[in-house]
Amino acid sequence: QERANLAARSPDNLRCPIVVIMGHVDTGKTKLLDKIRKTNVQEGEAGGITQQIGATFFEKKTLEAQTAKLNQTEQFDIKIPGMLVIDTPGHESFSNLRSRGSSLCDVAILVVDLMHGLEQQTIESLNMLRQKKVPFVVALNKVDRCYAWKTCKDTPIRDALKEQEAGTISEFRNRALDAKVQLQEQGVNSNLYWEMGDDDWSNSDFIPLVPTSAITGEGVQDVLMLLCQMAQRKIWKHIMWCANLEATVLEVKAIDGLGMTVDVLVVNGYLREGDKAVFCTLDGPIITEIRGLLTPPPSREMRVKSDYLHHKEVKGALGVKVIGNGLEKVMAGTPVMVVGPNDEEEDIKAEVMSDLTNLQSKLSTD
Ligand code: GDP
């Protein structure tokens, strides 16, 4: 079976890329996430967007619908099965982006306030993304604050720019140029994405800039489109689906009626009810049988236990709540593994703890 799984790895069988929104406080990360969730070609024709644990899932058909206008000219064929956008911009589990080689983030949106330019956390996020080699777009957000901006709700940014007066365009151009120069000072080459040349696109260090408004929605389609393109062109090898479990703990939470639960980002492979899962705690590894795998219901937010959907099996990439015994001391940001029929428990325990063990020995030598 293992061999069959490996054979299944192919550019035609991609998993959803995991998207993280990063940036300085107040640049509009939360608003942008809201807008991405709500922007739809036709009001009320939403669908295809589901709330998971810690993340929002966008089906392929939704991405297609949301980028349809842009796609009239771009002719880009979406092959990813969807996109998983992490719900908590700036969450501390993501301050590391990768855990034991597994992704917590495949592509990112770095949000910059067009009115303020680069700020301290922008630079920190920027450096982390570069260090972890995560491709990203820079959203130059709050473009609607340019003087006398005419709102063009939810349209591609170039269409919106065509509607603006010369004075507005000129302010926009100056501010965008400032951001570009500031990025250059950080050693990052960038340009408004539609002004990038073929050489720029093939240069993996070149960053596309997308003006956006998280309030009125201009440029949001462009961001989605670029994320799909980056996923398929730059990191397709990295997001090929495979059956081997790759999963990370996002958060450990007590839930009424359920006790202590662990929110897990399943990046690749399967997690099943009854699996013997191995988690990391400061006291060492623990093994527990998975008693439940839960996601929120398709509609509205859940408050009580009975509102969750129960799954026998989940497939990455997705966010899921795990119920089991003895989860109190599990640590966020650590990997989750499963003891298979041919595995030695002790090997898996050592592997789960290896990150932490390495970290501890590093700390003690520093
Ligand atoms: P976060 O701290 O990065 O998550 O930022 P928020 O999403 O909370 O936004 C910070 C403030 O900026 C809020 O008052 C938002 O309403 C405002 N804001 C965010 N995006 C935009 C935008 O595109 N245009 C305008 N005019 N205001 C925005």
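Each ligand, and each atom within it, is numbered from 1 in the order the structure gives. Fair warning: this is a prediction, and the values are worked out from it, not measured in the lab.
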Within ligand 1, which atoms have a heavy atom of H24 less than 4.0 Å away?
3 (O)
Taking only non-hydrogen atoms of S213 and a 4.0 Å limit, the atoms of ligand 1 in range are 23 (O)
Specify side chain, backbone, both or neither for R145, according to which of its non-hydrogen atoms lie closer than 4.0 Å to ligand 1.
side chain
Please determine if [X] and [Y] form a salt bridge, counting it only when a charged side-chain N lies under 4.0 Å from a carboxylate O.
X	Y	answer
E163	K150	no
R130	E124	no
D159	K69	no
R15	D106	yes

Check this for me - ligand 1, [X], N or O atoms closer than 3.5 angstrom, yes or no?
X	answer
G28	yes
A214	yes
T212	no

Test the K315-W241 pair against the cation-pi criterion, namely NZ or CZ under 6.0 angstrom from the six-membered ring centroid and within 45° of the ring axis.
yes
In this structure, OG of S190 is separated from CD of E195 (nearest 0.5 Å) by 11.0 Å
Just go through L140, D144, T216, I215 and tell me whose heavy atom is the nearest to atom 26 (N) of ligand 1.
D144
